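Note that this is a predicted model, so its numbers are computed, not measured. In the text below, chain A, chain B and the rest are named by the order of the sequence lines, each starting its count at 1.
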Number of protein chains: 2
Amino acid sequence: MSALDTALHGLRALIADGALRPGDRLPSEGELCETLGVSRGSLREAIRMLAALGVLETRHGSGSYVSELRAADLIGSLSLTVGLLPMAGVLELTELRRVLEPHAAALAAARIDAATIETLGGVLDEIEASDDFEDHSRLDHAFHMTISEVAGNDALTSLIDVLRSRSRAYRIPDADDAAELKLHSDAGHRAILRGLAAADPVAASAAASAHVAQTEYWVRRYTETDIVAEGSAVEPD
Amino acid sequence: MSALDTALHGLRALIADGALRPGDRLPSEGELCETLGVSRGSLREAIRMLAALGVLETRHGSGSYVSELRAADLIGSLSLTVGLLPMAGVLELTELRRVLEPHAAALAAARIDAATIETLGGVLDEIEASDDFEDHSRLDHAFHMTISEVAGNDALTSLIDVLRSRSRAYRIPDADDAAELKLHSDAGHRAILRGLAAADPVAASAAASAHVAQTEYWVRRYTETDIVAEGSAVEPD
DNA sequence: TGAAACATAGTTGTCATACGAATTTGATGA
DNA sequence: TCATCAAATTCGTATGACAACTATGTTTCA
């Protein structure tokens with residue numbers, strides 16, 4: 001087994017066995033090197049791998065810590081990479097959205113309160129009033145994330161967020177198409193909100209399903225034509 | 001921006017911009033160090049992070065390569081970490097299974113062929129004939145993965161695999177409970193297979209839903225009592 | 001007494017160098 | 001043409017050194 005694997009499995013075992021619990025500080029790199037019998041470089045590579053996966057967090061000058069190990073955080077670690085998927089992969093992910101978003105909408109319909117409904121209505125008002133792509137994208141994200149959060153499962157919210165992050169980054173180049181998309185999008189949002197306001201899981205779910213299907217249609221339509229990626233969709237620290 | 005971030009974003013940009021495509025070999029570490037202006041150690045840490053996320057693959061003596069960037073592979077990178085989730089997180093994931101597995105079963109019902117139905121029947125025969133926990137776990141896995149694969153979405157299959165990997169690692173300690181679980185589990189499997197064989201998406205979906213709900217019941221039941229984790233559920237290379 | 005400033009030790013971040021291990025490549029020879 | 005071997009290339013690992021940052025205890029001053 002390579003030194004890197006030794007370090008990786010060693011660290012993982014410390015957490016799996018309960019020797020290190022969420023929030024705990026790891027021994028210093030020097031100590032871990034002795035314990036695991038690897039050089040500092042190999043150890044640091046292993047730490048970085050677990051950090052990339054959301055298991056560890058390192059603070060300069062302080063130490064490395066075990067994360068809270070929330071399912072949502074681990075799923076969120078995918079956000080760095082989904083932006084690199086080719087279009088074929090994006091379509092696969094959209095199919096997952098077709099299942100997950102209706103589910104979230106149905107759950108939300110059963111739990112949402114009047115204040116949140118009002119908030120969501122305000123968001124839709126803003127979307128419909130704005131012509132700016134950035135505003136639209138940001139508010140659309142807020143609308144859907146709020147629904148996921150109301151659904152009450154953080155892992156579900158995180159997963160939907162990750163899956164949505166990609167299609168969000170595309171801008172429809174053709175002005176007429178963009179206008180048509182926005183028209184249908186706005187109508188879809190209103191339908192979802194009606195379902196939520198009526199506390200009707202079936203209606204909310206169906207509306208969410210239709211909304212995703214529409215997204216999928218546009219993604220497919222532009223898959224084989226011009227498409228403009230909005231940067232790398234990941235902001236630097 | 002730290003040297004590590006420089007390297008990480010630099011590598012990511014090379015892929016996002018299309019300068020490096022799936023399957024391509026990266027420049028040597030020495031070249032990348034010069035290009036990005038960081039030391040070899042920092043560069044290697046960045047490479048490891050992307051490798052942990054399934055974006056890069058490194059071969060000793062040959063070089064580092066961009067992976068095929070399949071959605072299924074990126075999702076599969078979670079398998080290293082879901083084994084570390086506390087029970088609360090496992091329940092969150094089980095709720096996701098409640099949506100995804102019925103969906104997969106419904107899709108599979110519409111696409112499955114006679115040969116696969118026969119194969120699945122054979123797997124169930126084996127399960128029902130075996131008393132060994134290892135056999136049962138392995139065959140159960142094969143049964144459900146086959147269904148996912150028939151569904152035809154690799155990302156969905158990978159996601160279900162990741163989510164299932166955790167509950168699979170638990171063994172019910174009480175013998176009577178274990179026997180009861182197996183009884184219901186076997187019946188659930190047969191119900192799913194009946195739905196598939198009848199090419200009835202609704203029946204298959206409902207049976208899969210019930211099957212996951214049952215798993216969830218047992219996970220909850222044992223959450224606050226004794227539970228035995230079957231190792232770290234990740235086999236070394 | 002209280003608080004601000006400082007000094008110190010400990011920890012991670014980064015770099016440079018060296019050499020081992022594995023692969024790839026090209027030359028050599030039958 | 002093919003097999004074999006040697007060399008070059010590349011990643012894997014270890015070590016040492018120092019900078020950057022944090023945490024903690026101490027001193028100093030109001």
Out of curiosity, L69(B) CG to T81(A) OG1, how far, rounded to the nearest 0.5 Å?
8.5 Å
Is any NZ, NE, NH1 or NH2 atom of the basic residue among R164(A) and D140(A) found under 4.0 Å from an Asp or Glu carboxylate oxygen of the other?
yes
Counting neighbours of CG on D17(A) that are heavy atoms of other residues, nucleotides or ligands and sit closer than 6.0 Å, is the number greater than 12?
yes
In terms of ring plane angle, is the pair H189(B) and H211(B) parallel, tilted or perpendicular, where the classes change at 30° and 60°?
tilted
Ion pair present between R21(A) and D24(A), side-chain N to carboxylate O less than 4.0 angstrom?
no
Which of residues 43-55 of chain B have a heavy atom under 4.0 Å from DNA chain C?
none
Nearest-Å distance, CG (L4(A)) to C1' (dT13(D))?
11 Å
Where is the tightest heavy-atom contact between S64(B) and T58(B), given as atom of each residue plus distance?
OG-OG1, 2.7 Å
Rounding to an integer number of Å, can you tell me how far E31(B) CD sits from dC11(D) C1'?
14 Å
Rounded to whole Å, how long is the line connecting atom CG of L32(B) with atom C1' of dC11(D)?
12 Å
Under-3.5 Å N/O pairs linking protein and nucleotides 14-20 of chain D:
{"residue": "dA14(D)", "atom": "OP2", "partner": "S39(A)", "partner atom": "N", "Å": "2.7"}
{"residue": "dA14(D)", "atom": "OP2", "partner": "S39(A)", "partner atom": "OG", "Å": "3.0"}
{"residue": "dA14(D)", "atom": "OP2", "partner": "S42(A)", "partner atom": "OG", "Å": "3.4"}
{"residue": "dA17(D)", "atom": "N6", "partner": "R40(A)", "partner atom": "NH1", "Å": "3.4"}
{"residue": "dA20(D)", "atom": "N3", "partner": "H60(A)", "partner atom": "NE2", "Å": "3.1"}

Separation between CG of D154(A) and CG of D73(A), rounded to the nearest 0.5 Å
9.0 Å
Go through the side-chain N and O atoms of D113(B) and T116(B) and say whether any donor and acceptor fall under 3.5 Å apart.
yes
Among the nucleotides dG13(C), dT23(C), dG12(D), which one has an atom lying closest to any side-chain atom of E29(B)?
dG12(D)
Separation of dT11(C) P from Y65(A) OH (nearest whole Å)
10 Å
Measure the distance from CG on L8(A) to P on dT13(D) and round it to the nearest whole Å.
12 Å
Quick check on DNA chain D: between R25(B) and S2(A), whose nearest nucleotide comes earlier from the 5' end?
R25(B)
